[in-house]
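Accompanying notes for the structure given below.
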Amino acid sequence: NLNIIVNQNIEIASEFSRTKEIYIINNINDNILVTADKPMINTVLRNLFSNAVKFTPNGGEVEIGTFIQPSQDLITSEGSIVIFIRDSGLGMSKEMINNLFRIDATHSSMGTNKELGTGLGLILCKEFITKHNGRIWVESEVGVGSTFYFTL
């Protein structure tokens, strides 16, 4: 049950989000079931929540939700579930986005409260989502925020 996994990870992130007065909104339906390696998906969610909170200024919002991506395969009608985590944070330039998931271009940016990271969390997320035959990507605008998506 995706909602149970998400709520467990929101609880982990909420200690840090409370100190920054960031509201986390869970829009995951209660009856969404996914086939996934739970520890890997927990790691992906923890990393994405941590980054969203890290790069969102005090008083901001982080939202998680889903939508269905229809299948491109004419043989099966099953699509993929797309999970997104959207923040109201700093946002990123195109150059930063182009280097996010690359091991040869790792970098770390400071969060809004000078939080540090290793720059390796998103590379690990990509590896775990790829192992699930999914994909991960981001849309972002400087000064507006970022939305990370991944499929299962």
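For the pair Asn29 and Leu2, the minimum side-chain heavy-atom distance is 4.5 Å or more. By the 4.5 Å heavy-atom criterion applied to side chains, Thr56 and Leu90 are not counted as neighbours. No side-chain heavy atom of Thr130 sits under 4.5 Å from any side-chain heavy atom of Glu127. Considering only heavy atoms from C-beta on, His132 comes within 4.5 Å of Asp37 through its side chain. Side-chain contact between Thr147 and Val138: absent, with no pair of heavy atoms (C-beta onward) separated by less than 4.5 Å.
For the residue pair Ile24 and Ser17, the shortest heavy atom distance occurs at CD1-OG, 3.8 Å. Contact record, Asn26 with Asn3: ND2-OD1, 2.9 Å, taken as the closest heavy-atom pair. Nearest heavy-atom pair, Ala52 versus Ile85, reported as atom, atom and distance to 0.1 Å: CB-CG2, 4.1 Å. Scanning all heavy atoms of the two residues, the minimum distance from Cys125 to Ile136 falls at CB-CD1, 4.0 Å.
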Verdict with supporting geometry, Thr43 and Arg46, side-chain contact (heavy atoms from CB on, under 4.5 Å): CA-CA 5 Å; Thr43 299; Arg46 272 194 314 271; 3.3 Å; yes
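The distance from atom CZ of Phe55 to atom OG of Ser50, rounded to the nearest 0.5 Å, is 8.5 Å. Distance check, rounded to the nearest 0.5 Å: CZ of Arg86 to CG of Leu48 gives 13.5 Å. Lys38 contributes atom NZ, which lies 5.5 Å from atom CD1 of Ile5 (distance to the nearest 0.5 angstrom). In this structure, the separation between CD1 on Ile28 and CG on Asn7 is 9.0 Å, given to the nearest 0.5 Å.
The hydrophobic cluster containing Leu152 also contains Phe128, counting ILVMFWY residues as joined when their side-chain heavy atoms lie under 4.5 angstrom apart, directly or transitively. Note on Val62: it clusters hydrophobically with Ile10, by side-chain heavy-atom contacts below 4.5 Å among ILVMFWY residues. At a threshold of 4.5 Å between side-chain heavy atoms, the hydrophobic network of Ile, Leu, Val, Met, Phe, Trp and Tyr places Phe49 and Ile4 in two separate groups. In the hydrophobic clustering of this structure, Ile12 does not group with Ile41; members are Ile, Leu, Val, Met, Phe, Trp, Tyr whose side-chain heavy atoms approach within less than 4.5 Å, directly or through other members. Leu124 is connected to Leu45 through a chain of hydrophobic side-chain contacts under 4.5 Å among Ile, Leu, Val, Met, Phe, Trp and Tyr, so both are in one cluster.
For the residue pair Glu63 and Asn27, a side-chain donor N or O sits within less than 3.5 Å of a side-chain acceptor on the partner.
The closest donor-acceptor contact from the side chain of Asn47 to the backbone of Leu122 lies at 3.5 Å or more, if one exists at all. In this structure a side-chain-to-backbone donor-acceptor pair under 3.5 Å is present from Thr151 to Arg135. Of the possible donor and acceptor atoms, none in the side chain of Lys20 sits under 3.5 Å from a partner among the backbone N and O of Gly60. With hydrogens and angles ignored, the 3.5 Å screen pairs a side-chain donor or acceptor of Asn1 with a backbone N or O of Asp30. No donor-acceptor distance shorter than 3.5 angstrom exists from the side chain of Ser146 to the backbone of Ser140, with no hydrogens or angles considered.
Across Leu100, Val44, Ile64, a single residue satisfies side chain to side chain contact (heavy atoms under 4.5 Å, CB included) together with Phe148, and that is Leu100.
Cluster note: Val82 groups with Phe67, Phe84, Trp137, Tyr149 through ILVMFWY side-chain heavy atoms spaced under 4.5 Å, whether in direct contact or through intervening members.
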